[in-house]
Number of protein chains: 2
Amino acid sequence: MNNVDIPSKTAGAATDLPVLAAGFAALAHPARLRILCHLARRDACCCREIVDTFELAQSTVSQHLKVLVDAGLVHYRPENRRSRYMVDREAVARLEEQVSTFLSCCHV
Amino acid sequence: MNNVDIPSKTAGAATDLPVLAAGFAALAHPARLRILCHLARRDACCCREIVDTFELAQSTVSQHLKVLVDAGLVHYRPENRRSRYMVDREAVARLEEQVSTFLSCCHV
DNA sequence: GTTATTCATCGTACATCGACGATAAACGAT
DNA sequence: ATCGTTTATCGTCGATGTACGATGAATAAC
């Protein structure tokens with residue numbers, strides 16, 4: 001019911017719509033897009049650096065980061081003082097693939 | 001501030017992050033993904049047909065359709081009795097392009 | 001030990017979402 | 001004219017999102 005067969009080149013990859021929708025939701029805020037983009041430029045960031053970069057309270061940034069981490073798009077490792085956030089590039093690539101597959105099926 | 005320069009092949013296409021985030025938001029619900037997919041299969045649909053297809057109240061479907069229309073992904077023309085909903089395939093293609101551009105910039 | 005820094009989490013306040021039923025308008029059919 | 005169908009919109013209710021300040025824990029520096 002929540003799966004869609006997609007005529008893709010990658011054989012038999014059905015798309016799980018709730019999962020895909022969750023991915024979209026994680027990206028549905030400009031601040032998170034900016035954060036993700038910022039993370040992608042550097043290799044790793046601590047929360048503080050992002051707070052300094054954007055004009056947001058530290059708690060707000062922490063929340064946005066959590067959303068990205070929960071969505072699996074960002075890696076998180078608590079380090080000594082600063083925590084280490086890193087784009088999970090494979091996950092982003094995977095999401096891009098899924099999004100592309102889904103959207104191209106909608107404009108063939 | 002909300003624009004990101006992306007090293008894309010398509011020259012000079014800066015991405016407007018609030019706009020992109022709005023696109024993501026429109027797709028951030030499984031029901032809307034299913035509706036969009038359904039619309040893409042048929043050429044055009046009335047609201048009723050979608051109501052019959054999915055187990056949702058008519059008002060709910062109408063709301064979801066409105067979101068898709070407001071996001072510019074679906075065309076809307078009120079016809080005699082039934083209204084006519086149609087995927088705007090160019091808009092979807094455009095969004096796919098923007099998403100791809102943004103996401104690939106995040107996993108280079 | 002004390003202090004400063006960094007961070008996650010909690011609580012709060014407000015806005016928005018998502019579902020539904022009810023309703024009214026438009027229209028075809030009788 | 002009346003009835004049934006289709007649809008958009010309104011109101012409501014609970015859940016979720018978004019922002020912030022406050023707080024406490026961990027740790028580096030002194």
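Throughout, a chain's letter reflects where its sequence line sits, starting with A, and its residues are numbered from 1. Worth knowing before you read on, the calculation uses all heavy atoms, side chains too, and leaves out hydrogens, waters and symmetry mates.
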Fill in: Residue whose closest nucleotide on DNA chain D lies nearer the 5' end, A:Arg32 versus B:Cys45
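Checking each residue's closest nucleotide, the 5'-ward one belongs to B:Cys45.
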
Practice prompt. On DNA chain D, check which nucleotide each of A:Ala31 and B:Lys66 is closest to and give me the residue with the more 5' one.
Written response: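 Its nearest nucleotide being more 5', the pick is B:Lys66.
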
For the side chain of [X], starting at C-beta, report the closest nucleotide among [options].
| X | options | value |
| --- | --- | --- |
| A:Gln63 | D:dA8, C:dA8, D:dC20 | D:dC20 |
| A:Cys46 | D:dC20, D:dA8, C:dC7 | C:dC7 |
| A:His29 | C:dG18, D:dA19, C:dT9 | D:dA19 |
| A:Cys47 | D:dC20, C:dA8, C:dT5 | C:dA8 |

Over all atoms of both residues, closest heavy-atom pair of [X] and [Y]:
| X | Y | value |
| --- | --- | --- |
| A:Cys45 | A:Leu39 | CB-CD2, 3.4 Å |
| A:Cys106 | B:Val87 | O-CG1, 3.4 Å |
| B:Leu56 | B:His64 | CD1-CD2, 4.4 Å |

Practice prompt. Walk me through it: do A:Tyr85 and A:Cys46 pass the test side-chain contact (heavy atoms from CB on, under 4.5 Å)?
Written response: CA-CA 6 Å; A:Tyr85 289 96; A:Cys46 64; 5.9 Å; no

Discussion item. Whether the side chain of A:Ser59 and the base of D:dG21 hold a donor-acceptor pair under 3.5 Å is what I'd like checked.
Written reply: yes

Worksheet item: Between the base of D:dT6 and the side chain of B:Arg48, is there a donor-acceptor distance below 3.5 Å?
Response: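 Not at all, since no donor on one side and acceptor on the other fall under 3.5 Å apart.
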
Should [X] be listed as having a side-chain N or O under 4.0 Å from OP1 or OP2 of [N]?
| X | N | value |
| --- | --- | --- |
| B:His64 | C:dA19 | yes |
| A:Tyr76 | C:dA8 | yes |
| B:Arg82 | C:dC27 | no |
| A:Asn80 | C:dT6 | no |

Item to complete: Answer with yes or no whether the side chains of B:His107 and A:Glu90 bring together a donor and an acceptor at under 3.5 Å.
Response: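 Judged by distance alone, the side chains do not pair up.
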
Can you tell me the distance, in whole Å, between the [atom1] atom of [X] and the [atom2] atom of [N]?
| X | N | atom1 | atom2 | result |
| --- | --- | --- | --- | --- |
| B:Phe54 | C:dG18 | CZ | C1' | 16 Å |
| A:Tyr85 | C:dA8 | OH | C1' | 8 Å |
| B:Gln58 | C:dG18 | CD | P | 17 Å |
| A:Glu49 | C:dC7 | CD | C1' | 15 Å |
| B:Ile50 | D:dT6 | CD1 | P | 14 Å |
| B:Leu56 | C:dA19 | CG | P | 6 Å |
| A:Asp70 | D:dT18 | CG | P | 13 Å |
| B:Asp52 | D:dT7 | CG | C1' | 13 Å |

Practice prompt. Could you check whether A:Ser83 gets within reach of a base, just the sugar-phosphate, or nothing at all, counting any heavy atom under 4.0 Å?
Written response: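 Touches sugar-phosphate only.
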
Item to complete: Quick one: label A:Arg84 by what it contacts on the DNA or RNA (base, sugar-phosphate, nothing), any heavy atom closer than 4.0 Å.
Response: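 Answer is nothing: A:Arg84 stays at 4.0 Å or more from every strand.
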
Practice prompt. Just say parallel, tilted or perpendicular for the rings of B:His38 and B:Phe54, cut-offs at 30° and 60°.
Written response: perpendicular

Worksheet item: With nearest nucleotides of DNA chain C determined for A:Arg81 and A:Ser62 from heavy-atom distances, which residue corresponds to the more 5′ nucleotide?
Response: A:Arg81

